[in-house]
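In what follows, a structure is listed as C-alpha coordinates, so that the remarks can point back to it.
Every chain is numbered from 1, with letters handed out A, B, ... down the list of sequences.
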Amino acid sequence: MSFTLATWNINSVRLRAALVSRLLTEEAPDILCLQECKSPVEKIPAETFHALGYTHMIARGQKGYNGVAILSKLPIEDAGDKDFASLGHARHVAGRLENGVTIHNFYVPAGGDVPDRERNVKFGQKLDYLTEMRDWFRAERPEKAILVGDLNIAPREDDVWSHKQLLKVVSHTPIEVEHLGQAQEAGDWVDVTRAHIPEGQLYSWWSYRSPNWDAADKGRRLDHIWATADIAGAAHSSRVLRAVRGWEQPSDHAPVFASFDL
DNA sequence: ATGTCTGGCATCGCCAGA
(Lines give C-alpha, C1' and ligand atoms only; values in the text may rest on other atoms or scores of the structure.)
Protein backbone atom coordinates (compact mmCIF):
# COMPACT_ATOMS: atom_id res chain seq x y z
CA MET A 1 0.00 0.00 0.00
CA SER A 2 1.31 3.41 -0.99
CA PHE A 3 0.05 6.77 0.08
CA THR A 4 1.07 10.39 0.23
CA LEU A 5 0.51 12.39 3.37
CA ALA A 6 0.59 16.14 3.95
CA THR A 7 0.43 18.40 7.01
CA TRP A 8 -0.59 22.05 6.90
CA ASN A 9 -1.36 24.69 9.51
CA ILE A 10 -4.23 26.37 7.64
CA ASN A 11 -4.95 29.27 10.06
CA SER A 12 -8.75 29.07 9.63
CA VAL A 13 -10.15 26.26 7.51
CA ARG A 14 -13.29 28.25 6.73
CA LEU A 15 -11.52 31.37 5.50
CA ARG A 16 -9.13 29.24 3.46
CA ALA A 17 -11.39 26.43 2.30
CA ALA A 18 -10.62 27.40 -1.32
CA LEU A 19 -6.88 27.07 -0.65
CA VAL A 20 -7.43 23.63 0.87
CA SER A 21 -9.42 22.65 -2.23
CA ARG A 22 -6.66 23.96 -4.47
CA LEU A 23 -4.03 21.90 -2.65
CA LEU A 24 -6.23 18.80 -2.75
CA THR A 25 -6.83 19.29 -6.47
CA GLU A 26 -3.29 20.17 -7.52
CA GLU A 27 -1.30 17.87 -5.25
CA ALA A 28 -3.89 15.22 -4.37
CA PRO A 29 -2.31 13.80 -1.22
CA ASP A 30 -4.20 10.73 0.01
CA ILE A 31 -4.32 12.25 3.49
CA LEU A 32 -4.18 15.90 4.58
CA CYS A 33 -3.73 16.80 8.24
CA LEU A 34 -4.77 20.34 9.13
CA GLN A 35 -4.06 22.43 12.23
CA GLU A 36 -5.50 25.70 13.50
CA CYS A 37 -8.83 25.06 11.83
CA LYS A 38 -10.30 27.66 14.24
CA SER A 39 -13.70 26.12 13.81
CA PRO A 40 -16.16 23.85 15.57
CA VAL A 41 -16.19 20.49 13.75
CA GLU A 42 -19.73 20.99 12.43
CA LYS A 43 -18.73 24.23 10.69
CA ILE A 44 -15.76 22.73 8.79
CA PRO A 45 -16.74 22.70 5.07
CA ALA A 46 -16.47 18.90 4.91
CA GLU A 47 -18.85 18.60 1.93
CA THR A 48 -16.48 20.65 -0.20
CA PHE A 49 -13.63 18.27 0.54
CA HIS A 50 -15.90 15.23 0.22
CA ALA A 51 -16.75 16.31 -3.33
CA LEU A 52 -13.03 16.24 -4.16
CA GLY A 53 -12.74 12.61 -3.07
CA TYR A 54 -11.88 13.20 0.56
CA THR A 55 -14.79 11.17 1.83
CA HIS A 56 -13.38 10.66 5.33
CA MET A 57 -12.79 13.30 7.97
CA ILE A 58 -11.74 12.94 11.59
CA ALA A 59 -11.64 16.20 13.49
CA ARG A 60 -11.61 17.89 16.85
CA GLY A 61 -12.62 21.52 17.07
CA GLN A 62 -13.51 24.43 19.28
CA LYS A 63 -14.76 27.94 18.71
CA GLY A 64 -12.15 30.43 17.50
CA TYR A 65 -8.90 28.68 18.38
CA ASN A 66 -6.88 25.55 17.73
CA GLY A 67 -8.64 22.63 16.04
CA VAL A 68 -7.20 19.71 14.07
CA ALA A 69 -8.60 17.63 11.22
CA ILE A 70 -7.57 14.67 9.08
CA LEU A 71 -9.03 14.59 5.55
CA SER A 72 -8.60 11.28 3.77
CA LYS A 73 -9.36 9.54 0.50
CA LEU A 74 -8.54 6.28 2.24
CA PRO A 75 -10.82 4.68 4.82
CA ILE A 76 -9.68 5.79 8.26
CA GLU A 77 -11.20 5.23 11.68
CA ASP A 78 -11.17 7.55 14.64
CA ALA A 79 -8.40 6.51 17.04
CA GLY A 80 -9.12 9.08 19.73
CA ASP A 81 -7.47 12.20 21.06
CA LYS A 82 -5.40 13.39 23.99
CA ASP A 83 -5.62 16.62 25.96
CA PHE A 84 -2.01 16.91 27.09
CA ALA A 85 -1.37 19.38 29.91
CA SER A 86 -5.16 19.38 30.49
CA LEU A 87 -5.63 22.62 28.58
CA GLY A 88 -9.11 21.73 27.32
CA HIS A 89 -7.91 22.50 23.78
CA ALA A 90 -8.49 20.64 20.50
CA ARG A 91 -4.83 20.04 19.67
CA HIS A 92 -4.61 16.34 18.85
CA VAL A 93 -6.55 13.72 16.96
CA ALA A 94 -5.55 10.28 15.75
CA GLY A 95 -6.80 8.09 12.91
CA ARG A 96 -6.09 4.50 11.96
CA LEU A 97 -5.80 3.27 8.38
CA GLU A 98 -6.98 -0.19 7.31
CA ASN A 99 -3.36 -1.38 7.19
CA GLY A 100 -3.07 -0.67 10.91
CA VAL A 101 -0.99 2.50 10.61
CA THR A 102 -1.96 5.15 13.15
CA ILE A 103 -1.69 8.82 12.21
CA HIS A 104 -1.33 11.40 14.97
CA ASN A 105 -2.11 14.99 14.09
CA PHE A 106 -0.76 17.56 16.59
CA TYR A 107 -0.94 21.28 17.19
CA VAL A 108 1.56 21.92 20.00
CA PRO A 109 0.96 25.18 21.96
CA ALA A 110 2.89 28.15 20.55
CA GLY A 111 4.01 29.21 24.02
CA GLY A 112 3.63 32.99 24.00
CA ASP A 113 6.46 35.49 23.60
CA VAL A 114 8.59 35.19 26.75
CA PRO A 115 10.62 31.97 27.07
CA ASP A 116 10.36 31.78 30.86
CA ARG A 117 7.71 29.73 32.62
CA GLU A 118 7.95 31.92 35.75
CA ARG A 119 6.88 34.97 33.78
CA ASN A 120 4.76 33.40 31.05
CA VAL A 121 2.15 30.76 31.82
CA LYS A 122 1.84 29.80 28.16
CA PHE A 123 5.49 28.85 27.93
CA GLY A 124 5.11 26.54 30.93
CA GLN A 125 2.05 24.98 29.31
CA LYS A 126 4.03 24.33 26.15
CA LEU A 127 6.80 22.57 28.08
CA ASP A 128 4.23 20.59 30.09
CA TYR A 129 2.48 19.58 26.89
CA LEU A 130 5.75 18.22 25.49
CA THR A 131 6.57 16.44 28.75
CA GLU A 132 3.20 14.71 28.74
CA MET A 133 3.69 13.72 25.10
CA ARG A 134 7.00 12.17 26.14
CA ASP A 135 5.46 10.30 29.05
CA TRP A 136 2.64 9.01 26.87
CA PHE A 137 5.06 7.73 24.21
CA ARG A 138 7.15 6.06 26.94
CA ALA A 139 4.05 4.25 28.18
CA GLU A 140 2.52 3.48 24.80
CA ARG A 141 5.64 2.51 22.82
CA PRO A 142 3.96 3.39 19.51
CA GLU A 143 4.48 1.14 16.48
CA LYS A 144 3.42 1.54 12.86
CA ALA A 145 2.67 5.17 13.54
CA ILE A 146 3.11 8.52 11.84
CA LEU A 147 3.11 11.80 13.76
CA VAL A 148 2.57 15.08 11.94
CA GLY A 149 1.69 18.61 12.74
CA ASP A 150 2.62 22.09 13.78
CA LEU A 151 4.96 21.28 16.67
CA ASN A 152 5.82 24.98 17.04
CA ILE A 153 9.51 24.15 17.52
CA ALA A 154 12.33 24.38 14.97
CA PRO A 155 14.86 21.99 16.53
CA ARG A 156 17.93 22.20 14.32
CA GLU A 157 20.25 25.11 13.65
CA ASP A 158 19.40 24.87 9.96
CA ASP A 159 15.67 24.85 10.75
CA VAL A 160 15.82 28.61 11.37
CA TRP A 161 17.13 31.57 9.41
CA SER A 162 19.55 32.53 12.20
CA HIS A 163 20.36 30.09 14.98
CA LYS A 164 22.16 32.75 16.97
CA GLN A 165 19.42 35.34 16.71
CA LEU A 166 16.70 32.89 17.62
CA LEU A 167 18.27 31.18 20.64
CA LYS A 168 16.09 33.30 22.96
CA VAL A 169 13.06 33.36 20.70
CA VAL A 170 10.21 30.98 21.55
CA SER A 171 10.25 28.09 19.04
CA HIS A 172 14.05 27.65 19.03
CA THR A 173 15.17 27.94 22.69
CA PRO A 174 17.36 25.11 24.00
CA ILE A 175 14.81 24.06 26.62
CA GLU A 176 12.09 23.64 23.98
CA VAL A 177 14.44 21.74 21.69
CA GLU A 178 15.38 19.49 24.63
CA HIS A 179 11.72 18.80 25.48
CA LEU A 180 10.87 18.02 21.86
CA GLY A 181 13.91 15.76 21.58
CA GLN A 182 12.81 13.80 24.63
CA ALA A 183 9.32 13.29 23.20
CA GLN A 184 10.86 12.16 19.92
CA GLU A 185 13.23 9.75 21.63
CA ALA A 186 10.51 8.32 23.87
CA GLY A 187 8.49 7.21 20.84
CA ASP A 188 11.52 6.19 18.79
CA TRP A 189 10.29 8.68 16.19
CA VAL A 190 12.33 9.35 13.06
CA ASP A 191 12.25 12.88 11.65
CA VAL A 192 11.25 11.76 8.17
CA THR A 193 11.62 15.19 6.58
CA ARG A 194 15.22 15.57 7.73
CA ALA A 195 15.99 11.94 6.90
CA HIS A 196 15.20 12.81 3.29
CA ILE A 197 16.50 16.39 3.26
CA PRO A 198 19.47 16.19 5.65
CA GLU A 199 21.39 19.22 4.43
CA GLY A 200 20.68 22.90 4.34
CA GLN A 201 18.21 25.47 5.55
CA LEU A 202 14.63 24.22 5.47
CA TYR A 203 11.56 26.15 6.62
CA SER A 204 7.80 25.66 6.67
CA TRP A 205 6.69 28.95 8.24
CA TRP A 206 7.30 32.60 7.46
CA SER A 207 5.75 35.32 9.66
CA TYR A 208 3.02 37.54 8.29
CA ARG A 209 4.87 40.42 9.93
CA SER A 210 7.82 40.22 7.63
CA PRO A 211 7.10 41.80 4.27
CA ASN A 212 8.89 40.15 1.34
CA TRP A 213 8.85 36.85 3.20
CA ASP A 214 10.28 35.15 0.11
CA ALA A 215 13.27 37.43 -0.42
CA ALA A 216 13.98 37.98 3.29
CA ASP A 217 13.47 34.26 3.90
CA LYS A 218 13.40 34.56 7.69
CA GLY A 219 11.69 31.22 8.07
CA ARG A 220 11.48 28.43 10.62
CA ARG A 221 10.70 24.71 10.26
CA LEU A 222 7.80 24.35 12.69
CA ASP A 223 5.85 21.67 10.81
CA HIS A 224 7.02 18.10 11.01
CA ILE A 225 6.46 14.57 9.77
CA TRP A 226 7.77 11.79 11.99
CA ALA A 227 7.39 8.02 11.75
CA THR A 228 8.16 5.22 14.18
CA ALA A 229 11.39 3.42 13.37
CA ASP A 230 9.59 0.26 12.17
CA ILE A 231 8.01 2.07 9.20
CA ALA A 232 10.31 5.07 8.72
CA GLY A 233 12.22 3.19 6.04
CA ALA A 234 9.06 3.01 3.96
CA ALA A 235 8.95 6.80 3.69
CA HIS A 236 10.27 8.74 0.72
CA SER A 237 9.86 11.92 -1.31
CA SER A 238 9.62 14.44 1.52
CA ARG A 239 9.13 18.03 0.47
CA VAL A 240 7.91 21.45 1.63
CA LEU A 241 5.58 23.21 -0.81
CA ARG A 242 7.08 26.64 -0.32
CA ALA A 243 5.12 28.11 -3.23
CA VAL A 244 1.87 27.67 -1.29
CA ARG A 245 3.04 30.39 1.12
CA GLY A 246 2.84 32.72 -1.90
CA TRP A 247 -0.76 31.92 -2.81
CA GLU A 248 -3.34 34.67 -2.46
CA GLN A 249 -4.33 35.35 1.17
CA PRO A 250 -2.13 32.49 2.35
CA SER A 251 -1.63 30.72 5.63
CA ASP A 252 1.69 31.69 7.21
CA HIS A 253 2.63 27.97 7.00
CA ALA A 254 3.50 25.93 3.91
CA PRO A 255 2.40 22.28 3.68
CA VAL A 256 4.91 19.49 4.26
CA PHE A 257 4.59 16.23 2.30
CA ALA A 258 5.91 12.68 2.56
CA SER A 259 5.03 9.42 0.80
CA PHE A 260 5.01 5.90 2.23
CA ASP A 261 5.28 2.51 0.52
CA LEU A 262 3.99 0.02 3.04
C1' DA B 1 9.28 47.76 19.81
C1' DT B 2 7.78 46.88 15.46
C1' DG B 3 5.56 44.30 11.98
C1' DT B 4 0.40 41.18 10.17
C1' DC B 5 -3.08 38.14 10.43
C1' DT B 6 -7.23 35.51 12.72
C1' DG B 7 -12.08 34.91 15.10
C1' DG B 8 -15.21 36.75 18.43
C1' DC B 9 -18.23 39.94 20.17
C1' DA B 10 -20.64 43.45 25.91
C1' DT B 11 -19.43 43.90 17.29
C1' DC B 12 -18.83 47.81 12.88
C1' DG B 13 -13.54 48.76 16.57
C1' DC B 14 -11.33 46.51 19.72
C1' DC B 15 -9.02 42.34 21.95
C1' DA B 16 -6.22 38.06 22.60
C1' DG B 17 -3.51 34.67 20.35
C1' DA B 18 -0.15 33.56 17.21
Side-chain angles (χ1 to χ4, degrees), chain A residues 7-23 33-46 48 59-69 83-92 105-117 119-130 148-155 159-162 165-173 175-177 179-180 203-224 242 244-256:
Chain A
T7 180
W8 193 14
N9 179 317
I10 192 61
N11 188 14
S12 175
V13 71
R14 283 180 282 170
L15 190 71
R16 290 188 237 283
L19 295 193
V20 174
S21 293
R22 181 175 170 187
L23 188 80
C33 297
L34 298 170
Q35 303 86 35
E36 278 206 272
C37 296
K38 294 187 173 178
S39 173
V41 173
E42 64 273 17
K43 290 188 176 177
I44 296 174
T48 304
R60 297 292 186 274
Q62 61 186 93
K63 197 158 81 171
Y65 303 99
N66 310 315
V68 286
D83 179 25
F84 294 118
S86 305
L87 300 174
H89 295 171
R91 295 181 174 275
H92 168 256
N105 182 13
F106 274 98
Y107 176 50
V108 171
D113 288 332
V114 180
D116 175 356
R117 70 183 309 153
R119 292 200 290 143
N120 169 17
V121 172
K122 290 183 193 305
F123 192 72
Q125 290 173 341
K126 181 179 195 175
L127 297 180
D128 292 346
Y129 193 95
L130 293 161
V148 309
D150 178 1
L151 305 185
N152 265 316
I153 296 172
D159 289 337
V160 294
W161 64 277
S162 168
Q165 286 177 257
L166 287 169
L167 272 172
K168 291 179 180 174
V169 174
V170 173
S171 72
H172 191 61
T173 63
I175 191 168
E176 290 170 86
V177 172
H179 276 65
L180 185 69
Y203 316 135
S204 65
W205 174 88
W206 295 261
S207 173
Y208 285 128
R209 297 175 194 181
S210 153
N212 297 302
W213 68 273
D214 196 22
D217 202 20
K218 293 185 173 180
R220 306 177 201 169
R221 188 172 70 102
L222 304 180
D223 303 276
H224 299 266
R242 182 184 174 110
V244 172
R245 179 62 177 79
W247 287 0
E248 191 165 346
Q249 203 180 8
S251 166
D252 44 357
H253 294 254
V256 181

- Quote, to the nearest angstrom, the P distance that separates B/dT2 from B/dA16. 15 Å
- With sequence neighbours left out, write down each residue that passes side chain to side chain donor-acceptor pair (under 3.5 Å) with A/Arg14, or none if nothing qualifies. A/Ser39
- Message: So, using ring-ring contact (aromatic ring centres under 6.0 Å, His included) as the criterion, who are the partners of A/Phe123 when residues are at least two apart?
- Response: none
- Apply salt bridge (Lys or Arg N to Asp or Glu O under 4.0 Å) to A/Arg221 and list each qualifying residue two or more places apart in sequence or on a separate chain. A/Asp159, A/Asp191
- Note on the structure: Nucleotide by nucleotide, nucleotides 6-18 of chain B touches protein heavy atoms under 4.0 Å in the pattern (B base, S sugar-phosphate only, - none) SSSS-------SB
- Please measure how far the P atom in B/dC12 lies from the corresponding atom in B/dA1, and state the result in whole Å. 31 Å
- Task: Just jot down the salt bridge (Lys or Arg N to Asp or Glu O under 4.0 Å) partners of A/Arg117, sequence neighbours excluded, or say none.
- Result: A/Asp128
- Message: Roughly how many Å apart are B/dT6 and B/dT11, using the C1' atom of each and rounding to a whole number?
- Response: 15 Å
- Message: With a 4.0 Å cut-off on N to O distance, would you call A/Asp214 and A/Arg242 a salt bridge?
- Response: yes
- Residues in ring-ring contact (aromatic ring centres under 6.0 Å, His included) with A/Trp213, at least two apart? A/Trp206
- Message: Measuring only the P atom in each nucleotide, how far is B/dC5 from B/dA10? A whole number of Å is fine.
- Response: 27 Å
